[in-house]
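Okay, structure first, notes after.
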Amino acid sequence: MTHAKAMILGCSGPVLTPDEKAFFGDHQPWGFILFGRNCVDATQISDLVASMRETVGGRNAPVLIDQEGGRVQRIREPMCQRYPSGADIGALYRQDREKGLRAAWLMSRLHAFDLLRFGINVDCLPVLDVPVEGANNVIGNRAYGTDPKTVGEIGEAAAAGLSAGGVLPVMKHIPGHGRGMADSHHELPVVTASRAELEAHDFPPFQRLKGELMAMTAHVVYSAYDPIYTASTSTTVINEVIRGTIGFQGLLMNDDISMNALKGTIAERAAAVVAAGNDVLLHCHGIMEEMVQVAAHAPVLAYAALQRAQAVEAAFGPGDGADEQALRDEFHALIAVS
């Protein structure tokens, strides 16, 4: 990993093109990310993941995916069962707290079984955003609840389930996307809540999980801290809120740099994300012209960012050896009663 660049990249389709293989080989991204367009069948997914790692010298590079359940589940039937949403888990939790927490742990543990089969070792979960009334549906039923205690407790169980299975979690979207009145994929959400409101409602789930190894920033402006720049591009939010108030010291990546909440060219966005203090650039679309711009601004991992990346790679493991079928049966029994 000595010469890995501080970036996580996607690819355009179900197999790497010759240009992608050459580009990844030349630029040595630290990690990769998969989307639905990359997932056709089980053998193909495994082959794609293996070929990604071949381009970086066979290193056990992080390969990420958004496998939450509900509407955000990149690998679907028949490769993986269809899982319930975060809101479904939250509903069971409100009915019976212990059953809800067990279901959250079990679902993540099952995600780990599913993903490791393909060589995927990072799941962008848990979603720790706490929605407020009237917020845009971009989070919606992906959230576990509408209060910080519920979200924090379920998120903690979900992260633990992944880790038990040898897949590492990425908590998102730090410091909280729950107040966004716009979809940051398309436009810029501006949150005007006071610092006191944010510290009481939005930050606690992230504080609870501040010891996790990875987090993804939100493309949201928090005007109480920085009226101009999104969390992803704000030195103030990263240093004062994420590293300070929340206390997260792990590896920080931006939400997808292609999202239109960010202004400017891809090159300008990449430069801003790096300058703000993110450890790793995340670019998801697999568009070569954009990846070239990202690579031009992604530094080689060094100093604190390198140490955080090394801590992630050191934490990968085979999982706890649990009985998959027994856990599936237990999960289905719990969800059936909800």
Side-chain angles (χ1 to χ4, degrees), residues 1-12 15-35 38 46-65 118-124 166-168 170 212-217 232-233 235 238 243 248-258 265-317:
M1 193 173 72
T2 311
H3 302 295
K5 277 194 170 180
M7 58 185 185
I8 297 167
L9 301 177
C11 64
S12 57
V15 296
L16 292 185
T17 66
D19 284 351
E20 287 168 343
K21 288 182 180 179
F23 180 79
F24 295 155
D26 288 344
H27 290 280
Q28 294 292 296
W30 178 64
F32 302 94
I33 188 165
L34 301 183
F35 279 80
N38 309 121
S46 297
D47 289 348
L48 175 59
V49 170
S51 64
M52 286 173 155
R53 291 200 173 106
E54 285 171 14
T55 68
V56 293
R59 173 172 57 85
N60 188 29
V63 177
L64 289 66
I65 198 164
F118 305 119
I120 300 166
N121 52 7
V122 178
D123 193 359
C124 299
V167 170
L168 296 184
V170 178
E212 292 297 335
L213 293 174
M214 288 179 281
M216 180 184 294
T217 57
S232 305
T233 55
T235 306
I238 288 177
R243 300 298 192 195
F248 174 70
Q249 300 303 321
L251 183 125
L252 190 65
M253 66 188 76
N254 56 280
D255 202 349
D256 183 15
I257 206 168
S258 304
T265 65
I266 294 294
E268 289 166 341
R269 297 175 189 186
V273 165
V274 170
N278 291 273
D279 296 307
V280 176
L281 283 160
L282 173 64
H283 179 274
C284 298
H285 282 194
I287 299 169
M288 182 58 72
E289 296 79 7
E290 295 185 358
M291 291 195 291
V292 168
Q293 295 180 60
V294 171
H297 290 274
V300 172
L301 281 165
Y303 308 113
L306 176 59
Q307 292 175 349
R308 291 167 179 147
Q310 288 172 330
V312 170
E313 293 205 18
F316 290 132

Residues at least two apart in sequence or cross-chain that pass ring pair (Phe, Tyr, Trp, His ring centres under 6.0 Å) with F24, listed by chain then number, are F32
Exercise: identify the closest heavy-atom pair between I257 and R269
O-NH1, 2.9 Å
Nearest 0.5 angstrom please: H285 NE2 to I287 CD1, how far?
6.0 Å
Under the rule for side-chain contact (heavy atoms from CB on, under 4.5 Å), what residues qualify as partners of A271, not counting sequence neighbours?
H297
Ring pair (Phe, Tyr, Trp, His ring centres under 6.0 Å) with F248: which residues, sequence neighbours excluded?
none
I'd like to know if the side chain of N254 reaches the main chain of T217, judged simply by a donor and an acceptor atom lying under 3.5 Å from each other, with no hydrogens or angles considered.
no
Q293 side chain vs A267 backbone, donor-acceptor pair below 3.5 Å:
yes
Donor-acceptor pair, side chain of N278 and main chain of V280, under 3.5 angstrom
no
Can you list every salt bridge (charged side-chain N to carboxylate O under 4.0 Å, His left out) pair that touches residues 283-300, not counting sequence neighbours?
none
Once side-chain contact (heavy atoms from CB on, under 4.5 Å) is applied, do any residues pair with V274, and if so which ones, sequence neighbours excluded?
L281, P299
Using a strict cut-off of less than 4.0 Å between a Lys/Arg side-chain nitrogen and an Asp/Glu carboxylate oxygen, indicate whether E54 and K21 qualify as a salt bridge.
no
Please lay out, stage by stage, how I33 and V63 fare under the test side chain to side chain contact (heavy atoms under 4.5 Å, CB included).
CA-CA 5 Å; I33 188 165; V63 177; over 6 Å; no
About how many Å separate CE of M253 and CE of M216, when rounded to the nearest 0.5 Å?
5.5 Å
I'd like to check the side-chain contact (heavy atoms from CB on, under 4.5 Å) partners of A296; sequence neighbours left out, ordered by chain and number.
none
If we only count heavy atoms from C-beta on, is the I65 to C124 side-chain gap below 4.5 Å?
no
Residues T55 and M52: closest non-hydrogen pair is OG1-O, 2.6 Å
Do you know the tightest heavy-atom contact between G286 and S12?
O-CB, 3.7 Å
Just wondering, do I8 and P62 contact through their side chains at under 4.5 Å, heavy atoms?
no
Among residues at least two apart in sequence or on other chains, which ones pass side-chain hydrogen bond (donor to acceptor under 3.5 Å, both in side chains) with S51?
none
Once you round to the nearest 0.5 Å, how far does CD of E268 lie from CD1 of I266?
10.0 Å
For the pair N38 (side chain) and C11 (backbone), establish whether a donor and an acceptor sit closer than 3.5 Å, ignoring hydrogens and angles.
yes
Closest non-hydrogen atom pair, G119 against V49:
O-CG1, 3.7 Å
Side-chain (N121) to main-chain (V167) donor-acceptor, under 3.5 angstrom
no
With rounding to the nearest 0.5 Å, note down the distance linking CG in L64 to CG in L282.
7.0 Å
Under the 3.5 angstrom rule, does the side chain of K5 hit a backbone N or O of A295 as a donor-acceptor pair?
yes
Looking at every non-hydrogen atom in both residues, tell me the closest pair between A276 and S232 and how far apart they are.
CB-O, 3.8 Å
Return the set of residues passing side-chain hydrogen bond (donor to acceptor under 3.5 Å, both in side chains) with T233 (not counting sequence neighbours), or none when no residue passes.
T230
For H27, all residues meeting ring pair (Phe, Tyr, Trp, His ring centres under 6.0 Å), sequence neighbours excluded
F23
About how many Å separate CE of M288 and CG of L9, when rounded to the nearest 0.5 Å?
9.0 Å
Could you measure the distance from the CG atom of L168 to the CG atom of L251? Nearest 0.5 Å is fine.
11.0 Å
If the condition is side-chain contact (heavy atoms from CB on, under 4.5 Å), which residues does S46 pass it with, not counting sequence neighbours?
F118
Could you tell me which non-hydrogen atom of F35 sits nearest to which non-hydrogen atom of C284, and how far apart they are?
CE1-CB, 3.3 Å
Which residues pass the salt bridge (charged side-chain N to carboxylate O under 4.0 Å, His left out) test with D279, sequence neighbours left out?
R243, R308
Please enumerate all residues that pass salt bridge (charged side-chain N to carboxylate O under 4.0 Å, His left out) together with R53, with sequence neighbours excluded.
none
